[in-house]
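First the proteins, then the strands, lettered A, B, ... as listed; each starts at 1.
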Protein chains: 2
Amino acid sequence: MNQTKQKVKEQFHLFLSKKGLKATLQRSLILDAFLGLDRSTHIDELYLLLRGRHSNIGHATVYRALRLFAAAGIAREVNLGDGLTRYEVAGGKRRDYLVCNDCGTVTEFENSTIARHQAELARNLGFTVQSLKIELRGICGNCQERQG
Amino acid sequence: MNQTKQKVKEQFHLFLSKKGLKATLQRSLILDAFLGLDRSTHIDELYLLLRGRHSNIGHATVYRALRLFAAAGIAREVNLGDGLTRYEVAGGKRRDYLVCNDCGTVTEFENSTIARHQAELARNLGFTVQSLKIELRGICGNCQERQG
DNA sequence: AATACAATGATATTCACTTTCAAGCCATCA
DNA sequence: TGATGGCTTGAAAGTGAATATCATTGTATT
Ligand SMILES: [Mn+2]
Ligand SMILES: [Mn+2]
Ligand SMILES: [Zn+2]
Ligand SMILES: [Zn+2]
């Protein structure tokens, strides 16, 4: 068991206590599966993964658990406009997304200089910034080669 | 009639000719309404607006027209993860979005300095940038007042 | 005008959530 | 330990924006 993962679990358990919510087997299984992936995922992927291991996990429960993880600050919702809501483990640095308009591949990269600048502009408009998402769309390297 | 709008209309007409598509009254009305707004819009807004003026415009036609505008390079699709697909006039300035996590209000503002910088980073990764979206989430001024 | 297609729009369908509700589970307290 | 109360679960139903269907209508061309 990873040290980081253990801390996240404790963070979640604390969150549940403070809110008067309950630690259930399902929430624990879903959190393990979520932390076990090293990439963003979505409801149905986790749901099918867990159904393969445990026969009694419902779609609605996975849905509610992921939203709960987000509320607890453990997960971050990512919407790339393809009709699916993705979730990734929060914490760590902000990421920018490169979405290929041709093959749909999503590449991530880090760049922190933008965030401060942009957040300051928002504050001038009386807006308190909680998160920033930068999404670039275009053609990835592979697709450029294929097209010549 | 704005000079820029006239050029856009000619661009669209040329696009239709090249593709063997037809210039219809509906497409003309929808394009006028779309260009007449100085902000992003979505299907139902345009649909209701046009229904107020002309009794025979269908939801499906507005939907298809906006996708056609996007294919023609006239419109740009924007998805903010709130379940609606927005469209804004392409070719204008890029816009950044402030989405309130409390009331869902979307505020737009312009800020062009970021784009070049970010696009250059992407090019270094072998990625040809076609569009850039910056989305800030947080609490808007109104909601801050309400909460004290 | 006749013809060949494309476009329209009321309607139905899809699909990814999101909610409902009866049955079950968890934390707490005597 | 056992009762109690409220939270949780999950099958099923509901929601709503997007998309497809198809008979009818419109457009461009000859
Ligand atoms: Mn609708
Ligand atoms: Mn949807
Ligand atoms: Zn690609
Ligand atoms: Zn607000």
Side-chain angles (χ1 to χ4, degrees), chain A residues 9 12-31 33-34 40-72 75 77-87 104, chain B residues 9 12-33 40-72 75-87 104 106:
Chain A
K9 289 186 184 182
F12 183 56
H13 207 272
L14 188 62
F15 173 83
L16 292 177
S17 299
K18 284 186 176 176
K19 295 282 187 180
L21 306 177
K22 298 182 178 180
T24 66
L25 174 62
Q26 287 90 340
R27 283 171 178 167
S28 175
L29 291 172
I30 296 167
L31 183 53
F34 178 57
S40 69
T41 184
H42 52 95
I43 291 175
D44 280 350
E45 183 183 37
L46 273 186
Y47 172 61
L48 293 174
L49 181 65
L50 288 162
R51 288 292 284 208
R53 299 177 187 168
H54 317 277
S55 54
N56 290 318
I57 292 271
H59 171 94
T61 300
V62 176
Y63 159 73
R64 287 183 289 228
L66 286 173
R67 299 206 75 173
L68 205 55
F69 297 166
E77 264 193 39
V78 179
N79 190 303
L80 297 178
D82 61 353
L84 293 182
T85 301
R86 292 161 202 282
Y87 291 84
Chain B
K9 289 185 184 183
F12 183 55
H13 206 272
L14 187 63
F15 173 83
L16 293 177
S17 298
K18 283 185 176 175
K19 296 283 187 178
L21 306 178
K22 299 182 177 177
T24 67
L25 174 63
Q26 287 90 340
R27 282 172 178 167
S28 176
L29 291 172
I30 296 166
L31 183 53
D32 278 340
S40 69
T41 186
H42 52 96
I43 291 174
D44 279 352
E45 183 182 39
L46 272 186
Y47 172 62
L48 293 174
L49 181 66
L50 288 162
R51 287 291 285 210
R53 300 177 185 167
H54 318 276
S55 54
N56 291 318
I57 293 270
H59 173 95
T61 300
V62 176
Y63 159 73
R64 286 182 291 228
L66 286 174
R67 300 207 73 174
L68 205 56
F69 297 165
R76 185 191 301 135
E77 264 193 26
V78 179
N79 190 302
L80 298 179
D82 61 351
L84 294 182
T85 301
R86 291 160 203 281
Y87 290 84
V106 176

Tell me: [atom1] of [X] to [atom2] of [N], nearest whole Å?
X: Asp82(A); N: dT14(C); atom1: CG; atom2: P; answer: 21 Å
X: Leu46(A); N: dA16(C); atom1: CG; atom2: P; answer: 15 Å
X: Phe12(A); N: dT8(D); atom1: CZ; atom2: P; answer: 9 Å
X: Leu66(B); N: dT8(C); atom1: CG; atom2: P; answer: 12 Å
X: Leu50(B); N: dT8(C); atom1: CG; atom2: P; answer: 12 Å
X: Glu45(B); N: dA17(D); atom1: CD; atom2: P; answer: 13 Å
X: Lys19(A); N: dG6(D); atom1: NZ; atom2: C1'; answer: 17 Å
X: Ile57(A); N: dT8(D); atom1: CD1; atom2: P; answer: 15 Å

Item to complete: Select one nucleotide: of dA10(C), dT9(D), dA18(D), the one nearest the side-chain heavy atoms of Thr61(A).
Response: dT9(D)

Item to complete: Tell me which nucleotide among dT19(D), dA17(D), dT18(C) gets nearest to the side chain of Arg67(B).
Response: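 Nucleotide nearest to Arg67(B)'s side chain: dT19(D).
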
For [N] and [X] - does any side-chain N or O of the residue sit under 4.0 Å from the phosphate oxygens OP1/OP2?
X: Arg64(B); N: dT19(D); answer: no
X: Arg27(A); N: dT9(D); answer: yes
X: Tyr63(A); N: dT18(C); answer: yes

Min side-chain heavy-atom separation [X]-[Y] under 4.5 Å:
X: Leu29(B); Y: His54(B); result: yes
X: Ile43(B); Y: Thr85(B); result: no
X: His42(A); Y: Tyr87(A); result: no
X: Thr41(B); Y: Leu49(B); result: no
X: Arg27(A); Y: Leu21(A); result: yes

Worksheet item: So what does Asp44(A) hit on the nucleic acid, given a heavy-atom distance under 4.0 Å: a base, only sugar-phosphate, or nothing?
Response: nothing

Worksheet item: For the residue pair Ser40(A) and Glu45(A), what are the closest heavy atoms and their distance?
Response: O-OE1, 4.3 Å

I'd like a table of atom pairs between the protein and nucleotides 26-30 of chain C - only N or O on both sides, under 3.5 Å - with the distance next to each one.
{"from": "dC26(C)", "atom 1": "O2", "to": "Lys22(A)", "atom 2": "NZ", "distance (Å)": "2.9"}

Response to the item:
Per nearest nucleotide of DNA chain C, the residue lying toward the 5' end, His59(A) or Leu16(B), is Leu16(B)

Worksheet entry | Main-chain N/O of Ile57(B) paired with Arg51(B) side-chain donor or acceptor, under 3.5 Å | yes

